[in-house]
Amino acid sequence: MGTMKIGYPCINWTIGCKGNRTFRLRNYSESRLIETVQNNVDCLLEILQFNAKHHILFFRITSDLVPFASHPVCTFDWQGHFRAQFKQIGDFIRTAAIRISVHPDQFILINTEDEEVVNRSIKELAYHAQILDSMALDETAKMQIHVGGVYGDKERSMRRFIARYEQLDQAIQRRLVIENDDQRYTLQDCLRVNMETGIPVLFDTFHHQLNSSGEEPVEALTLIAPTWRHNDGVPMVDYSSQNRADRKGKHAESIDVHHFHQFLEATKPFDFDIMLEIKDKEQSALKAVEAAARDERFVTAS
DNA sequence: AATGGTCAAGTCAGC
DNA sequence: GCTGACTTGACCATT
C-alpha cells in the first residue's frame, strides 16, 4: 500500500450541511460568531467523516471556519471556547490518517510594500496556524499561499518575500508553503524562493499550464520533491483542468478521468498528495479515488 | 418567498 | 485615477 491521497477543497455538496457559513461584518456579534463557528465545526466533522468513509484522505479546510478571526472586531477567545471541538476534530483527522491543508485568500500578501497589509496578512496567517494547532496537527498540515504581487519589480518583490518570511513566527513558518500562480510567479520563481528560504513548493498543474516555466509534470515533480523535508510530509499538488466551455483559466466542472489517468501515469514514480480544484468537489474526488485504485502509490490501492 | 445587489481584505490590466 | 476581473457562493435587505 502506498501513501498517496486524494482530496478536494472546503465544500461538500452531497451531505446537507455547509461548513463555511459566515455573515456580514456589520452584523457582527459574539453570539452570532459562536453560533456560526459551532455550525462550521460540526459540519467540518461531518464532511471529514464522509471523506474517510469514501477513502478521500486529503482535505482543505475553509478559511471561513471562524469568520473575522483576524479582524480587530473579533476579540472573542474562540480557541478557548471551542477547545474541545477542535481537539475532537483533530483526533478524528489523526485516527483516519487524513492530510489537511488551508489556503488563505488572495489578500494575504507578505511581499507588499504596504506595511499595514503585511500586518493584516500575518494576523490572518496566525489565525490559520491557530486552527491547525488547535487540532494538534503535525507539521504535515500546511498553509499554502502565493509569492504575491510584482509591484513593477519582480526581483525586489521576491527579495521582500524572502526577508519577510525569515521574520515570521515559527508557528507560521513551519506550516507555510508557496504555490506557483497563474499570472506572476512561476514554478522556477518559487524554486528560487525555496533556495533562499527552504520553504516547500506546492506544484499547481493548472497554473503551470497558464504561466509556465516550461517543465513537463514529471520534471516539475523532480524539482519540487526535494523542497519537502521529512517532517513536511510528501509534496502537495493542486490538480485541475480547463473548463472547455468557459474562458481560459476557469476550472473544470467535473474531473476528466482520462486526463487524470494520463497525469498519474506521467508522474511516476513520485509520491504526492493531490488536491482536486474542480467545481463539483467530492463528486470528482470519488471518481479520482476510483481511478487511482489500481495505482500502487495510493493508500486506497487494491 | 423570491430576487438581486453586495460582501474585510489586494493586484493589475485596461480605460 | 478609476473600474472591473479574478472566482464564487451566500448573505440579507428589499420587494
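Every chain is numbered from 1, with letters handed out A, B, ... down the list of sequences. Just so you know, these numbers come straight off a predicted model, no measurement behind them.
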Inset, instruction - Anything below 3.5 Å on both distances counts as a pair; with that, list the stems of at least three consecutive Watson-Crick or G-U pairs involving DNA chain B. - result: B:1-7 with C:9-15, B:10-15 with C:1-6

Inset, instruction - Please list residues of residues 185-193 of chain A whose heavy atoms come under 4.0 Å from any atom in DNA chain B, ordered by number; otherwise none. - result: none

Inset, instruction - Just call it for A/Q183: base, sugar-phosphate, or nothing, with non-hydrogen atoms closer than 4.0 Å on any strand. - result: nothing

Legend entry - Check: A/Y8 ring centre within less than 6.0 Å of A/F58 ring centre: no

Legend entry - Side-chain N or O of A/K18 closer than 4.0 Å to phosphate OP1/OP2 of C/dG9: no

Inset, instruction - With P as the reference atom in both, quote the distance from B/dA2 to C/dT8 in angstrom, rounded to an integer. - result: 27 Å

Inset, instruction - Mind listing the residues from residues 108-117 of chain A sitting with a heavy atom below 4.0 Å of DNA chain B? Number order is fine. - result: A/L109, A/T112, A/V117

Inset, instruction - Determine the contact category for A/V150: base if any of its heavy atoms lies under 4.0 Å from a base atom, sugar-phosphate if only primed atoms, P, OP1 or OP2 are that close, otherwise nothing. - result: sugar-phosphate

Inset, instruction - Determine the contact category for A/K123: base if any of its heavy atoms lies under 4.0 Å from a base atom, sugar-phosphate if only primed atoms, P, OP1 or OP2 are that close, otherwise nothing. - result: nothing

Inset, instruction - Identify whether a stacking contact exists between A/F107 and B/dA9, where the ring centres must be under 5.5 Å apart and the planes under 30° apart. - result: yes

Inset, instruction - Look at the side chain of A/R184 against the base of B/dT11 and say whether a donor-acceptor pair falls under 3.5 Å; ignore hydrogens and angles. - result: no

Inset, instruction - Please work out which of the three classes, parallel, tilted or perpendicular, describes the rings of A/F82 and A/F76, given edges at 30° and 60°. - result: perpendicular

Legend entry - A/D182 CG - C/dC6 P separation (whole Å): 10 Å

Inset, instruction - Using a heavy-atom cut-off of under 4.0 Å over every strand shown, decide if A/F68 touches base, sugar-phosphate, or nothing. - result: base

